[in-house]
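The structure under discussion appears below in the form of structure tokens.
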2 protein chains.
Amino acid sequence: MILNLEEHSIKPSMQRIKIMEYLMEHHTHPNVDEIHSALSPQLPTLSKTTVYNTLKLFVCQGAALMLTIDDKNICFDADTSLHAHFLCTECGKVYDLPYKGEMNLLGSEVIDGNLVKEVHQYYRGVCKKCLKNKKNIIN
Amino acid sequence: MILNLEEHSIKPSMQRIKIMEYLMEHHTHPNVDEIHSALSPQLPTLSKTTVYNTLKLFVCQGAALMLTIDDKNICFDADTSLHAHFLCTECGKVYDLPYKGEMNLLGSEVIDGNLVKEVHQYYRGVCKKCLKNKKNIIN
DNA sequence: GTGCTTGCAAATCGTTTGCAATAGC
DNA sequence: GCTATTGCAAACGATTTGCAAGCAC
């Protein structure tokens, strides 16, 4: 596991390392609560405030993405490469999908005079699994 | 002003009409509070709960979009045609941009087995105006 | 010892809920 | 009169704030 904290000028600490590790090992787009609960056994004194602070730091330094695809559940992704996200409105899970678009941000780009720094492509619908479950219930 | 309430099986009421009118006349992507404040003079008893209920109804019936581009400020758009949104992280305004992408949802589409019902394209950065202001301050 | 990091408790604020009042057919 | 809609007040819950304690160089 290669952590990318120093690359993003983030001074490492036990909490920061564990949170980044968790994000890199679990591509489940966890929210603050899930990260906190998952790490509490290893770091019993870890506070939610620290998780909030750390994620904000990661996002500001470009080491993670904050996903706003679900208005009820802000979640995070350590994979900062260009890809799309899919929210299943049945089970609430967020999946990665390949990015399909014309914008291929390498650094920043200017559209119509506006400086674009970030691109997010969000899809919403019903995922494979939930579709299958629905069919099974009907049949 | 042609309202599209009946088209979306929404029974009209004074509150619903005024809220839809506001959305169609102001393409500023207002949030609940802005809509409520703007309409209070005309509808003094309008409650925020009704604005919440009404917008939820509009979104469920496909008469408006809920934008989650700004995690601190959920906003709404009565223009449901396919277009992208740009959030200026300096002034907080949300602008419309032309949609650039391969997905051209006419109804629903299937990607990798998942049923996609909605596509959102979000850009974040610094808008024209704020860039100009920044330059003026520096010079 | 100085400055950054962490963690607790309290405060904040957007949103939801429960329920009573009202309006429309 | 029945049903849907509205509106108030209270509850809720995610996030932020203030500040004291802890850690690292």
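All of these numbers come straight from a predicted model, not from anything done at the bench. Labels below follow one simple rule: chain letters A, B, ... track the order of the sequence lines, proteins then strands, and each chain is numbered from 1.
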Task: Nucleotide nearest A/K11 (side chain, heavy atoms from C-beta), chosen from C/dT5, D/dG7, C/dG7 - done: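 Closest nucleotide among those given: C/dT5.
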
Task: Sequence-aligned protein contact record of nucleotides 10-25 of chain D, with B where the base is within under 4.0 Å of a protein heavy atom and S where only the sugar-phosphate is - done: ----SBBB--------

- [ ] Indicate yes or no: at least one non-hydrogen side-chain atom of A/I17 is less than 4.5 angstrom from one of A/E21.
- [x]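 The answer is yes; the side chains approach within 4.5 Å.
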
TODO: Could you pull out all residues at least two apart from B/D70 that satisfy side chain to side chain contact (heavy atoms under 4.5 Å, CB included)?
DONE: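 Residues passing side chain to side chain contact (heavy atoms under 4.5 Å, CB included) with B/D70: B/K72, B/N73, B/L87.
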
Open item on the list: Is a donor from one side chain sitting under 3.5 angstrom from an acceptor on the other, for B/S40 and B/S37?
Closed with: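 Their side chains do not contain a donor-acceptor pair, so the 3.5 Å distance test is not met.
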
[X] [atom1] to [N] [atom2]: how many Å, rounded?
X	N	atom1	atom2	answer
A/F58	C/dT5	CZ	C1'	13 Å
B/L57	D/dT5	CG	P	8 Å
B/N31	C/dC13	CG	P	14 Å
B/H36	D/dT6	NE2	P	13 Å

Open item on the list: Any side-chain N or O of B/S47 below 4.0 angstrom from OP1/OP2 of D/dT6?
Closed with: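 Looking at the OP1 and OP2 atoms of D/dT6, neither is under 4.0 Å from any side-chain N or O of B/S47.
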
- [ ] Begin from the C-alpha positions of B/Y122 and A/V119 and carry the test side-chain contact (heavy atoms from CB on, under 4.5 Å) through to its verdict.
- [x] CA-CA 6 Å; B/Y122 292 153; A/V119 181; over 6 Å; no

Open item on the list: Give the residues of residues 13-30 of chain A touching DNA chain C, defined as any heavy atom closer than 4.0 Å, sorted by residue number.
Closed with: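 Close to the strand are A/S13, A/Q15, A/R16.
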
- [ ] Apply ring pair (Phe, Tyr, Trp, His ring centres under 6.0 Å) to A/H85 and A/H83, showing your working.
- [x] CA-CA 7 Å; A/H85 291 101; A/H83 62 287; 4.5 Å; yes

- [ ] In sequence, state the C-alpha distance, the side-chain angles, and the governing distance for A/F58 and A/I19, and then conclude on side-chain contact (heavy atoms from CB on, under 4.5 Å).
- [x] CA-CA 10 Å; A/F58 287 179; A/I19 292 172; 3.9 Å; yes

Open item on the list: For A/T80, run the side chain to side chain contact (heavy atoms under 4.5 Å, CB included) check against A/N4, A/L65, A/V59 and tell me which one passes.
Closed with: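 Only match with A/T80 under side chain to side chain contact (heavy atoms under 4.5 Å, CB included): A/L65.
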
- [ ] Give, for atom NE2 of B/H120 and atom CD of B/E118, the distance between the pair rounded to the nearest 0.5 Å.
- [x]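 If I round to the nearest 0.5 Å, the distance is 3.5 Å.
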
